[in-house]
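For the single chain, residues carry numbers from 1 onward in sequence order. Just so it is clear, the values below take in all heavy atoms, side chains as well, and ignore hydrogens, waters and symmetry mates.
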Amino acid sequence: MRQMDIELIKDTGDPIKRDMVIEKTKVINDILMQAAPAMNNMGLLNGKLGISIYFFHFAKVTGSKKHHQLAQRLFDEVYEGLSRNGIPVNFEDGLAGIALGIEYLAQNGFVNTDTDDIFSKTDNRIYRHIVANDQLPIGILEGAMGSLLYVLSRLSKQDIQTEDPSTFVFRRLLIRLVNHIGERVEERKYSVQEPLMFDVSWDLPLCLILLGKVREMDIYSYKINHIIDHLSPVVLSLYPRLSSNRLYLLLGIESILQQIDLPEWQNHATLLKQNIAMDEILEEELRDKSLHLMHGAAGVDLVSRQLHQLIQVDRLLFNREQLIEKIIYSEYWEKIEQNEIESRSLGLLFYGLTGVGLHLLTLLEGFEKPSLPF
């Protein structure tokens, strides 16, 4: 690895630790470079697009032309694959996640492309899928919240109050998805109970975060308020067992409080804030091999950084040095070396090395804002 790569992490202090970070980055790159060409999945979470995003970030940090070329090649393969009929519409493996990922790359200057032109047919497929599925589940991976993330990304660069035909269609789609989420909430068809371990796909905090984003746009506010009224007894009665889940619920609550003055919710947020121990999360709740985004250190750190952007409470951030130690000394790397982890899972964004790698780059760059497309 080049000198620039070493300079990137010079502030980790301990030279031995610094060398180990370099080693882990090389392991990630080698595995992903081998895994990507054989992947048939084009998706954001389980396919080539997630790996492309990782290598775009790696190339930006290190100036590596080789990794930038690889990222661009993977992106081109995803772009060419958009016309395939076999690609599903969901967020996990399909068009909704791909569209969000490409929009993210375009808006952050990694690719120079007109996303409205790219998605002219894709948008229509997603629209027809949502309209035709009255029983769409609420979840992010296969359901309405994943579709809503896609719609929010497409509207993020537009003036939502204009009468532009494209904006009008997305506004209608947003309203339809909010109605759909409202129905699932009223029917209690969403995961209310605290998961047994931290889970970034937990419906309740995700729902609150997305409702907060829609409310911020000042569209369909009365419906958002109505859904919040239905959620209020559930939220106010929930005190998660795990500090990591308290942190995630707090992010959801604070996302709403940024938009709506709710004194009871504020009191509950204060209670949660006072009873979150970041050291306990790192030392006790996260198992030694729990590094990835879905259930591990990368996911909890993403939540804590997003929460910090809202409320600026430093105590609810991990100690950066301790977090890096958690990653580099994990048994996860030994399991990889011994081929005890299924190889096809290593390239996944939520469950594998792609997410771990993006998280490591985020830590090394010292970003305040997480380098992730959601």
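At distances below 3.5 Å, not a single donor-acceptor pair connects side-chain atoms of Arg73 with backbone N or O atoms of His68. Formation of a donor-acceptor pair under 3.5 Å by the Ser191 side chain with backbone atoms of Trp202 is not found in this model. Between the side chain of Ser330 and the main chain of Ile327, no donor-acceptor pair closer than 3.5 Å is present. Panel note: side chain Asn319, backbone Glu321; a donor-acceptor pair is recorded below 3.5 Å. Looking only at distances, a side-chain donor or acceptor of His295 sits under 3.5 Å from a matching main-chain atom of Phe198. Within the 3.5 Å criterion, the main-chain N or O of Ser243 finds a donor-acceptor partner in the side chain of Glu285. Within the 3.5 Å criterion, the main-chain N or O of Leu363 finds a donor-acceptor partner in the side chain of Arg320. Looking only at distances, a side-chain donor or acceptor of Arg315 sits under 3.5 Å from a matching main-chain atom of Ile276. The closest donor-acceptor contact from the side chain of Arg172 to the backbone of Thr167 lies at 3.5 Å or more, if one exists at all. Side chain of Tyr248 to backbone of Val200: a donor-acceptor contact under 3.5 angstrom is found.
To the nearest 0.5 Å, the span separating CG on Leu204 from CG on Leu231 amounts to 6.5 Å. How far CD of Glu103 is from OG1 of Thr115: 3.5 Å, rounded to the nearest 0.5 Å. Atom-to-atom distance recorded for Asp123:CG and Leu173:CG is 9.0 Å, nearest 0.5 angstrom.
Residue Glu337 places its CD atom among 12 or fewer non-hydrogen atoms of other residues, nucleotides or ligands, all under 6.0 Å distant. Counting heavy atoms of neighbouring residues, nucleotides and ligands inside a 6.0 Å radius, atom CG of Asp229 exceeds 12 of them. In Gln338, the CD atom is crowded: over 12 heavy atoms of neighbouring residues, nucleotides or ligands sit closer than 6.0 Å. Atom OH of Tyr79 sits in a sparse spot, with 12 or fewer heavy atoms from other residues, nucleotides or ligands closer than 6.0 Å. Summarising the local packing, CG of Asp30 is surrounded by more than 12 heavy atoms from other residues, nucleotides or ligands at distances under 6.0 Å. Lys213 NZ: 12 or fewer foreign heavy atoms inside a 6.0 Å radius.
In this model, no donor atom of one side chain and acceptor atom of the other lie less than 3.5 Å apart for Glu264 and Ser232. A donor atom on one side chain and an acceptor atom on the other are found under 3.5 Å apart for His180 and Arg184. Residues Asn41 and Asp93 have side chains that bring a donor and an acceptor to within less than 3.5 angstrom of each other. Glu183 and Asn179 form no side-chain donor-acceptor contact under 3.5 Å, judged by distance and modelled atom types alone. Between Tyr239 and Asn245, the side chains place no donor N or O within less than 3.5 Å of an acceptor N or O (distance only, hydrogens not considered).
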Can you give each donor-acceptor pair under 3.5 Å made by side-chain atoms of residues 134-143, sequence neighbours left out, with the distance rounded to 0.1 Å?
{"from": "Glu142", "atom 1": "OE1", "to": "Asn90", "atom 2": "ND2", "distance (Å)": "2.9"}
{"from": "Glu142", "atom 1": "OE2", "to": "Asn90", "atom 2": "ND2", "distance (Å)": "3.3"}

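Salt bridge status for Asp288 with Lys326: absent, with no side-chain N to carboxylate O gap under 4.0 Å.
With Leu100 as reference, Leu149 is the one residue of Leu149, Leu105, Leu95, Leu49 to meet the side chain to side chain contact (heavy atoms under 4.5 Å, CB included) rule.
Summarising the geometry of Ala71 relative to Ser52, their closest heavy-atom pair is O-OG, 2.9 Å, with the distance given to 0.1 Å. Across all their heavy atoms, Leu177 and Ala144 have their closest contact at CD2-O, 4.0 Å.
One hydrophobic cluster holds both Tyr190 and Ile181 under the rule that ILVMFWY side chains link at heavy-atom gaps under 4.5 Å.
Every residue meeting the side chain to side chain donor-acceptor pair (under 3.5 Å) condition with Lys335, not counting sequence neighbours, appears here in chain and number order: Glu340.
Classification of the Phe56-Phe110 ring pair by plane angle, with boundaries at 30° and 60°, yields tilted.
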Would you check, one step at a time, whether the test salt bridge (charged side-chain N to carboxylate O under 4.0 Å, His left out) holds for Lys273 with Glu254?
CA-CA 11 Å; Lys273 250 180 281 190; Glu254 291 290 354; 3.4 Å; yes

